[in-house]
Participant: 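Would you mind keeping the following structure in view while I ask a few things?
A, B, ... follow the sequence lines: proteins, then strands. Residue 1 opens every chain.
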Amino acid sequence: MYHKEKSIQIKNSASALYNNLGVLRIAPRRLTYFTVVHANVVNMVSASWDGLNYSHRQLQSKEPNVATSTSLIMQAAFCALPSRDLLVVTSQKGIQIYESDGSIMVYWHALDTPETPTAQAVFARGISAVRENYICVGISSGAILVFDVPSKGSNITLSEVLEEHKESITDMAAECSGSQECIADLVSADDGGNLCVWKSGEEFQLLNNIPGFDMSCSSVKLWKGTVVAGYGTGQIRLYEAVTGILHAEVKAHARWIYSLDIAPFSGLLLSAAEDSLVRVWHLSMTPETNSVEVAHLHNECVTDTQICGAKFCDGDGYAFAVTGYDLSEIIRYTQT
Amino acid sequence: MSVRTLPLVFINLGGEMLYILDQRLQAQNTSEDNSEKVMNDIVGTMFNKAFMDELLKPQQLYSHRTLKTVLTRIAHASIMRLNPASMDRLYELMVMAFKYQVFLCPRPKDLLLISYNHIDTIREFVKDTPVVVNQVDETHRKIIEVYSSLSEGEFQLLRQTLLIFFQDMHVRVSLFLKIQVQNPNGRFALSTSGPVPHGTEVPGLIRTFDSKGREVRRSEFPTGGSYSSPIREGCFELHGDRIIRLGLNMYTVNHPEETHTSKAPSVKTDDTPNLLAKEELNLLARLMGSMKAENKPKAETGFRINLFTTDEEEEEAGASCGAEESLFGVINIQAMQDEQAATELARIAGQFAEQQEQPENPSGNKGDDLLAMMDDL
């Protein structure tokens, strides 16, 4: 179904972090941007579609006022809003927002870090663009920061702090089907596997709280009102967002899942784990019976590699890219 | 990232260090008394209450340089001597072994079982010295107390912090290559068969439910691997069967070449002249200061341990290694800026310098002579 293409070499190897691959497709310029986190650096590659031009850039998590202290980056993700695309980088010290090509930092938000470290680690993790003008970022305390983003310029403001989760946020995702009918706009996941479903607005509204089973949910997606969640046990669960009804449960991987992605136009689902396997599934909804079907389509094994990022490169799922711990390349696959 | 890595780092790296030293001591036919003394001194220093209390404070994991400095100090708390090149090689072996264990750790929580395997074996090494066994037990109890309440997510964060620390290290270790846990390119082998971790179910099944929660469909899919049910869970108490084998002593006496290493082409070495961050220096000062300094051994009674197969290699490597120089240079410059740290560091650097200044004969097998002397006592 898929075959391996030529890999893109990156300057550093990928770190073992959840969802460690960002992809932004820029159709008008026939380019795709990729981001891969390595310790305190974000490796950015801009790849032309004809495969001839690659340009690299590195972003450091150099926070202002801190001379030599290193701040490890937890995640880098693109936020595609209707008016603009931005790159959000979260670390132990705070949140940086850049223009999508990484050229200019437009906003910096510092986390409250105590002078002497407390038992609980402090960091930001979990990034999602929501609806027209919001970017949401999760914190290790369980709080979610909601930023209001203007259509241009750097006047980004902190609009709200959502305090519902009691454990560190792991991942967040917005409804990606493009449908305006869906009530739920955002789902957030934490280290206890708890999922919160939100409706965006001037004040975000909590629609549902789906309890976890004491196992970290490392990656989450929201598509056509269905939450798709990947867990440390290797399980994938599909829930109806607003009601919390469990549609399906897949014993998908033998180790911790690190990344999930959905191709919104085709309903293809990508899952990747520490067991070195990437799997492609198909999700189909039957609105009449209110059911969701999961069908397995394809496996790819990246030998001896614990995968940390996997994303489709386009909305149909025609191609996908993969990163692995200690690997200095972005591996690509295309449909045959 | 995680602020709870240091205690586990020292226990596991220290444990690997003891396994290797034990193998070398036996391979060099060191007397039992001397071997026991070396082990007791090192374990006593490592599991010293003040030192462990410093480690247990929530803090970041610093650089390889700091770790190596402290581990060298621990090793030299005994009558044994290692030249810088041997210490470098020892450090590489220790780190690659721990990287292997962390990489293959079935569940993040099993990092504790790996640590307990190390502690169990360490206890065996010093079992004839009740005072030291007590120290080990006390530390073990504290570890259990501190780490038992961490969630799986927090353990995974700890593991991720460690993996970042070991990133890009692909030193090939003969033993690992021999038992095929490591490939010739330096990367560890990851199997797609065998038992799944405790708490995970064997992959291959899709279950669909209706709105009332009843299962309406079951289908299987090919996993591309051959997995089996998990084995029983290991024991997290002070004593018990840990079940998992990671963290146990892999070295055997009969094959000294097992501690051979060779660098993969693109490995990054840690002798960049970057200044140590202020917090890192403070940590170093606190750790070195908290180690007991009373039993500073005299130069004549010390004996040398070789991590190379021939003494010629050992001498060559010793002569060409200049890494320690730059370290001292860094400390001196930084010391000017902070009165308190300066005094403590000067004292520590002084101790360190004295121990390194033992007369090294460029010719002749000094190591053998000392060993001969030791055995005649």
Side-chain angles (χ1 to χ4, degrees), chain A residues 12-13 15-17 38-39 67-70 72 74 92 116-121 123 167-168 170 190-192 214-216 218 232-235 240 243 245-256 274-277 279 289-296 299 301 303-306 325-326, chain B residues 1-4 57-60 103 106-108 146 151-154 156-157 159-161 163-164 166-170 183 187-190 192 194 196-197 199-213 216-217 219-225 227 274-280:
Chain A
N12 305 111
S13 56
S15 290
L17 298 162
H38 169 97
T68 47
S69 201
T70 53
L72 293 173
M74 304 298 290
Q92 293 177 261
T116 41
T118 54
Q120 154 102 16
F123 55 83
E167 298 183 62
S168 300
T170 44
D190 70 24
D191 253 345
D214 260 338
M215 174 47 68
S216 199
S218 41
T233 48
Q235 248 189 31
E240 186 177 76
T243 60
I245 293 172
L246 178 67
H247 283 305
E249 178 195 275
V250 185
K251 302 193 208 299
H253 288 275
R255 294 286 190 280
W256 205 283
E274 277 181 351
D275 60 3
S276 72
L277 288 154
R279 304 195 196 278
T289 51
N290 197 28
S291 66
V292 181
E293 291 290 311
V294 185
H296 173 260
N299 295 327
C301 179
T303 317
D304 299 333
T305 304
Q306 292 186 346
Y325 168 64
D326 251 354
Chain B
M1 299 288 283
S2 179
V3 289
R4 290 244 172 260
K57 290 182 185 161
Q59 60 205 311
Q60 301 293 331
F103 185 69
R107 304 172 300 177
V146 168
S151 67
E152 272 284 31
E154 285 172 292
Q156 183 65 290
L157 185 71
R159 183 171 169 272
Q160 289 172 342
T161 310
L163 287 175
I164 290 177
F166 302 140
Q167 205 153 342
D168 303 321
M169 294 185 73
H170 301 296
N183 298 324
R187 291 163 190 275
F188 296 119
L190 196 55
T192 52
V196 291
T200 295
E201 293 177 85
V202 177
L205 188 64
I206 304 171
R207 300 167 72 199
T208 323
F209 305 91
D210 67 11
S211 51
K212 303 231 180 354
V216 295
R217 195 159 161 244
S219 60
E220 290 186 7
F221 68 89
T223 58
Y227 300 105
N274 291 332
L275 298 178
L276 292 176
K278 185 152 180 274
E279 304 95 63
E280 196 168 348

Participant: Working note: Phe103(B) + Leu190(B), criterion side chain to side chain contact (heavy atoms under 4.5 Å, CB included); need CA distance, chi angles, decisive distance, verdict.
Facilitator: CA-CA 9 Å; Phe103(B) 185 69; Leu190(B) 196 55; 4.1 Å; yes
Participant: Which bit of Tyr227(B) comes within less than 4.5 Å of chain A, counting heavy atoms only: side chain, backbone, both or neither?
Facilitator: side chain
Participant: Based on non-hydrogen pairs under 4.5 Å, which of Thr170(A), Thr305(A), Thr233(A) is most in contact with chain B?
Facilitator: Thr233(A)
Participant: My understanding is that only residues two or more places apart in sequence, or in another chain, count here; which of them pass ring pair (Phe, Tyr, Trp, His ring centres under 6.0 Å) with Phe166(B)?
Facilitator: Phe98(B)
Participant: Asn183(B) versus chain A, heavy atoms under 4.5 Å apart: side chain, backbone, both or neither?
Facilitator: side chain
Participant: Examine distances only and state if a side-chain atom of Ser15(A) and a backbone atom of Leu17(A) form a donor-acceptor pair shorter than 3.5 Å.
Facilitator: no
Participant: Under 4.5 Å heavy-atom distance to chain A, tell me which part of Arg207(B) shows up: side chain, backbone, both or neither.
Facilitator: both
Participant: Contact part of Val216(B) toward chain A, heavy-atom cut-off under 4.5 Å: side chain, backbone, both or neither?
Facilitator: neither
Participant: Among Asp275(A), Leu246(A), Val292(A), Val294(A), which has the most heavy-atom pairs under 4.5 Å with chain B?
Facilitator: Leu246(A)
Participant: With only heavy atoms counted, which part of Arg159(B) is less than 4.5 Å from chain A, the side chain, the backbone, both or neither?
Facilitator: side chain
Participant: I'd like to verify something: which residue of Ser219(B), Pro106(B), Pro197(B) has the highest number of heavy-atom pairs under 4.5 Å with chain A?
Facilitator: Pro197(B)
Participant: Give, as side chain, backbone, both or neither, the part of Gln60(B) having an atom under 4.5 angstrom from any heavy atom of chain A.
Facilitator: side chain
Participant: Is any side-chain heavy atom of Glu293(A) closer than 4.5 Å to one of Thr208(B)?
Facilitator: yes
Participant: Pick whichever of Val196(B), Thr223(B), Val3(B) has the most heavy-atom pairs under 4.5 Å with chain A.
Facilitator: Thr223(B)
Participant: Please state whether the side chain, the backbone, both or neither of Glu274(A) comes within less than 4.5 Å of a heavy atom of chain B.
Facilitator: both
Participant: Measuring heavy-atom distances to chain A, does Thr192(B) have an atom under 4.5 Å in its side chain, in its backbone, in both, or in neither?
Facilitator: side chain
Participant: So does Lys57(B) get a backbone contact from the side chain of Gln59(B), meaning a donor-acceptor N/O pair under 3.5 Å?
Facilitator: yes
Participant: Based on non-hydrogen pairs under 4.5 Å, which of Pro222(B), Pro108(B), Gly194(B) is most in contact with chain A?
Facilitator: Pro222(B)
Participant: Are Trp256(A) and Gln306(A) close enough that some pair of their side-chain heavy atoms sits under 4.5 Å apart?
Facilitator: no
Participant: Taking C-beta and beyond as the side chain, do Ser2(B) and Gln160(B) meet within less than 4.5 Å on heavy atoms?
Facilitator: no
Participant: How many angstroms lie between CD1 in Ile164(B) and CG in Asp326(A), if you round to the nearest 0.5 Å?
Facilitator: 11.0 Å
Participant: Against chain B, work out which of Ala121(A), Ala248(A), Gly234(A), Ser216(A) has the most heavy-atom pairs shorter than 4.5 Å and name it.
Facilitator: Ala248(A)
Participant: Any non-hydrogen side-chain atom of Met215(A) less than 4.5 Å from a side-chain atom of Thr200(B)?
Facilitator: no
Participant: Looking at Arg217(B), Glu201(B), Glu220(B), Gln156(B), which makes the most heavy-atom pairs under 4.5 Å with chain A?
Facilitator: Gln156(B)
Participant: Is there a donor-acceptor contact under 3.5 Å from the side chain of His170(B) to the main chain of Arg187(B)?
Facilitator: no
